[in-house]
Amino acid sequence: MNDKIFLIIALIIVLAAAGWLILRPKGSKVEVPAGSQSGDLMIEPCEIKMNGTRYKADCGTLIVAENRNNATSRLIALPITRIHSAAENPVEPIFHFAGGPGQSNMGFKPPDWLLANHDIVLVGYRGVDGSSKLDCPEVSAAITGVGGDVLSTDSLDNLSIAMSACSKRFIAEGVDLNGYTIPEVVEDMEAARKALGYKQINLLSESYGTRVAQIYAVMHSDSVKRSAMIAVNPPGHFVWKPEIVDEQVRYYAELCHQDTKCNKSTSDLATTIRDVNQSMAKRWLFLPIDPGKVKVVAFSLLFHRNTAPIIFDAYLSAEAGDPSGLAIMSLAYDFIMPNMMTWGEFLAIGYSSDFDPNFNYREELTTPGAILGSPMSLLLWGSAANFPVAVMPEEYRHVHPTDIETLLVSGSIDFATPAEFAETELLPSLRNGQHIVISEQGHTNDFWSFQHAAAERLLTSFYTTGKADDSLYTHLSMDFKPVMRFPVLAKILTFTGLLLFVGLGLLINHFIRRHKAARVSRSREN
């Protein structure tokens, strides 16, 4: 093997490592300027490029108290961006609340048609964006599990210890965890509204953000003109219930039965998933398979209609004797899950909202005979006992009636926020509410990814008139053909990994031999 080939192999290894470093999630901090006071807004003109178009905008920093119930609370800084509408006289701005918790509120890229008549305002979420970021490396390390099953008692106990250690470190560093609740997030948004000089605003919220919008409507009803919620999360539903998840799997199974190609692969998709979960292989080749990690990844990818078929294909392959797709799912968990969330903010917001100290989460969420059960809830809520929660006021943990014109948008196959909860638990309290259920649509990404003209008509009509026009939506049948196949990917990655391993070995051996030859040559010369 000549030196050029060795250099190519070395370059591949270096580029692979560099790519991993580049793609890691990054965070940015906004500092609190000296002499600041709560409510201060420092903002200046900037430019935002989206969809090939440059928009005039304002970028800056909002200063707020970490805990408004504590007169001596420290100040924190939040980033704020206002993207200006193309209209000469835009109507009420739209404040966007992203999903989470544990994820940024600064990444939304509004479509041109929303900016046609509205400014769009993004205010960072406390604990994720800005000067106070509740990173939990203890949780990131422990969430990979111990003993070969991330949902085992030992793994959950270890994760619980990590949560406790993280919270103690926060407190020692001067973080007031009592300030990380949804009402405090709402007050951040209200402070931004006042500082920007808006009399009334519209809300556009997604998933967790819909909970922020619901509480905003209770705390500051006069500030909100209209509120559109996509993938609605009523109080109590940060915890996914095993029986509901299994019902959704059965719904998919029925859709599979109606599909001429899918029903040839299995007589009952739900039974296939249950059987594979009950007798999952422990490894594929040299790759271990962690059953808990497989279930967590499966649950997460069932959120959307274009990723769900990838999971079904992996389970069908495993049933046929090829568990390689499950091995890739187990491996992927370790790369994705540790940095998927800003875990401290996720724990503080989630537990302060829905945690019930009288409920035995680990016992109730452990369901050995389930089809899939609720693996994500068991992982995160079954470990929650040792994280100190500042439960938000009881009045915000329940649905409240409102006269605000409100649009609820759900997908019929949304695993994260099932449509039935929006229909039965929230809609009855909305005196001017409307609920649109889009058939065979999943979680939030599906709303923006499919039937674009219909989504545009839906939101623009609602923000203009208070009544949403869903007339452009048509039935979009579920497509069970996977856009990619984990079993195929497993074999490609394994083969590529073996080549890199062999190449690295040859590279090392080459340089060792050259070093020895040079040393022998020098000894002969002496």
Side-chain angles (χ1 to χ4, degrees), residues 21 23-32 61-62 64 66-67 74 76-81 96-108 122-144 159-160 162-186 188-189 205-212 233 238 296 300 303 333-355 376-377 379-381 383-384 386-390 392 416 443-444:
L21 290 171
L23 292 173
R24 282 188 307 167
K26 296 178 177 68
S28 59
K29 270 204 169 186
V30 179
E31 301 298 334
V32 178
T61 304
L62 177 69
V64 296
E66 185 174 45
N67 182 356
R74 68 173 183 169
I76 59 176
L78 301 174
I80 182 170
T81 299
H96 179 261
F97 304 153
Q103 297 179 333
S104 173
N105 194 39
M106 301 303 294
F108 181 57
L122 311 177
V123 182
Y125 281 153
R126 55 174 53 217
V128 178
D129 305 305
S131 61
S132 177
K133 187 171 182 180
L134 302 187
D135 282 318
C136 259
E138 301 92 340
V139 171
S140 295
I143 207 164
T144 56
L159 182 55
S160 184
M163 291 179 181
S164 177
C166 178
S167 66
K168 290 177 181 176
R169 177 175 54 80
F170 284 148
I171 294 170
E173 292 172 352
V175 175
D176 188 345
L177 290 175
N178 292 328
Y180 295 86
T181 64
I182 296 180
E184 288 284 5
V185 173
V186 168
D188 295 339
M189 305 301 167
S205 55
E206 303 180 45
S207 194
Y208 152 68
T210 68
R211 190 78 69 86
V212 178
N233 188 295
F238 286 153
V296 170
S300 301
F303 279 20
Y333 175 102
D334 287 344
F335 285 94
I336 298 170
M337 197 68 176
N339 297 309
M340 189 173 72
M341 303 285 189
T342 301
W343 288 112
E345 193 262 1
F346 174 91
L347 298 172
I349 293 287
Y351 294 169
S352 67
S353 303
D354 285 353
F355 184 75
M376 187 74 82
S377 285
L379 177 69
L380 300 175
W381 291 86
S383 307
N386 289 329
F387 195 86
V389 292
M392 67 181 181
H443 201 46
T444 54

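What you see is a predicted model, and the numbers here were worked out from it, not measured in a lab. We count residues from 1, following the sequence as given.
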Novice: Dump the intermediate steps for side-chain contact (heavy atoms from CB on, under 4.5 Å) on Met163 and Lys168, then the final yes or no.
Specialist: CA-CA 9 Å; Met163 291 179 181; Lys168 290 177 181 176; over 6 Å; no
Novice: Suppose we call two aromatic rings close when their centres sit under 6.0 Å apart. Are Phe346 and Phe387 close by that rule?
Specialist: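 For Phe346 and Phe387, the ring centres are not under 6.0 Å apart.
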Novice: Can a donor-acceptor pair be found between the side chains of Ser207 and His443 at a distance below 3.5 Å?
Specialist: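 A donor-acceptor contact under 3.5 Å links the two side chains.
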Novice: Report the residue from Val185, Asn233, Thr444 that forms a side-chain contact (heavy atoms from CB on, under 4.5 Å) with Tyr208.
Specialist: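 Option passing the side-chain contact (heavy atoms from CB on, under 4.5 Å) with Tyr208: Val185.
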Novice: Can you name the closest pair of heavy atoms from Ser353 and Ile182 and give their distance?
Specialist: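 For Ser353 and Ile182, the tightest heavy-atom pair comes out as OG-CD1, 3.3 Å.
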Novice: Report yes or no: does Asn105 contribute a side-chain atom to a donor-acceptor pair with the main-chain N or O of His96 at less than 3.5 Å?
Specialist: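 Here the side-chain-to-backbone pair exists.
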Novice: Check step by step if side-chain contact (heavy atoms from CB on, under 4.5 Å) holds for Glu345 and Asp135.
Specialist: CA-CA 8 Å; Glu345 193 262 1; Asp135 282 318; over 6 Å; no
Novice: Testing the 3.5 Å rule here: is there a donor-acceptor pair between the side chains of Ser104 and Asp129?
Specialist: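 Distance-only check passes for Ser104 and Asp129.
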Novice: Is a side-chain donor or acceptor of Arg126 paired with a backbone partner of Lys133 at a separation under 3.5 angstrom?
Specialist: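 Such a contact is absent between Arg126 side chain and Lys133 backbone.
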Novice: Using a 4.5 Å cut-off on heavy atoms from C-beta on, say whether the side chain of Leu177 contacts that of Pro388.
Specialist: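 With C-beta onward as the side chain, the pair touches.
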Novice: Check whether Ser131 reaches the backbone of Glu31 with its side chain - one donor and one acceptor, N or O, closer than 3.5 Å.
Specialist: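 Here the side-chain-to-backbone pair does not exist.
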Novice: Is any side-chain heavy atom of Leu134 closer than 4.5 Å to a side-chain heavy atom of Phe170?
Specialist: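 When only atoms from C-beta onward are counted, Phe170 and Leu134 do touch, with a gap below 4.5 Å.
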Novice: Show the nearest heavy-atom pair for residues Trp343 and Ser140, with the distance to one decimal.
Specialist: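 Distance-wise, the nearest heavy atoms are CD1-OG, 3.6 Å.
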Novice: To check you understand the geometry: which heavy-atom pair defines the closest contact between Arg169 and Cys136, and what is its length?
Specialist: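 Looking at all heavy atoms of both residues, the closest pair is NH2-CA, 4.0 Å.
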Novice: Tell me the closest heavy-atom pair linking Val128 and Gly102, and the distance in Å.
Specialist: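 Shortest heavy-atom separation between Val128 and Gly102 comes out as CG2-C, 4.0 Å.
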Novice: Hey, does the Lys NZ or Arg CZ of Arg211 hover above the aromatic six-ring of Phe238, less than 6.0 Å from the centre and inside 45° of the axis?
Specialist: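 Because its charged atom sits under 6.0 Å from the ring centre and within 45° of the axis, Arg211 does stack over Phe238.
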Novice: Closest approach of Leu62 and Ile80, non-hydrogen atoms and distance?
Specialist: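 Distance-wise, the nearest heavy atoms are N-CG2, 4.3 Å.
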Novice: Return yes if some donor-acceptor pair links the side-chain N/O of Ser352 with the main-chain N/O of Ala348 below 3.5 Å, else return no.
Specialist: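 Yes, Ser352 side chain to Ala348 backbone: donor-acceptor pair under 3.5 Å.
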Novice: Do the ring centers of Tyr351 and Trp381 come within less than 6.0 Å of each other?
Specialist: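 Yes, the ring of Tyr351 comes within the 6.0 Å limit of the ring of Trp381, centre to centre.
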Novice: Can a side-chain donor-acceptor contact be found between Asn178 and Asn67 if the only test is distance below 3.5 angstrom?
Specialist: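 No pair is found: no donor N or O on one side chain lies under 3.5 Å from an acceptor on the other.
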Novice: Would you give the length of the straight line joining atom CE of Met189 to atom OH of Tyr125, rounded to the nearest 0.5 angstrom?
Specialist: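 So the gap between those two atoms works out to 5.5 Å.
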Novice: Assess whether salt bridge (charged side-chain N to carboxylate O under 4.0 Å, His left out) is satisfied between Asp176 and Arg74, documenting all intermediate values.
Specialist: CA-CA 9 Å; Asp176 188 345; Arg74 68 173 183 169; over 6 Å; no
Novice: If we count only N and O atoms by modelled type, under 3.5 Å, do the side chains of Tyr180 and Ser132 hold a donor and an acceptor together?
Specialist: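 Present: a donor and an acceptor within the cut-off.
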Novice: Taking Leu380's backbone N and O only, do any of them form a donor-acceptor pair with Ser383's side chain (distance below 3.5 Å, no angle check)?
Specialist: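 Looks like no, no N/O pair under 3.5 Å.
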Novice: Test side-chain contact (heavy atoms from CB on, under 4.5 Å) on Ser205 and Val212; report intermediate values, then the result.
Specialist: CA-CA 8 Å; Ser205 55; Val212 178; over 6 Å; no
Novice: Which atom pair, heavy atoms only, marks the closest approach of Cys166 to Glu138?
Specialist: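 So the two residues come closest at CB-OE1, 3.6 Å.
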Novice: Nearest 0.5 Å please: distance from the CD1 atom of Ile143 over to the CG atom of Asn339.
Specialist: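 Interatomic distance, Ile143 CD1 to Asn339 CG, rounded to 0.5 Å: 10.0 Å.
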Novice: Pick out which of Val64, Val32, Val30 makes a side-chain contact (heavy atoms from CB on, under 4.5 Å) with Leu78.
Specialist: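 With Leu78 as partner, side-chain contact (heavy atoms from CB on, under 4.5 Å) holds for just one option, Val64.
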Novice: What distance separates Ser377 OG from Asp354 CG, expressed to the nearest 0.5 Å?
Specialist: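 Atom-to-atom, Ser377:OG and Asp354:CG are 10.0 Å apart.
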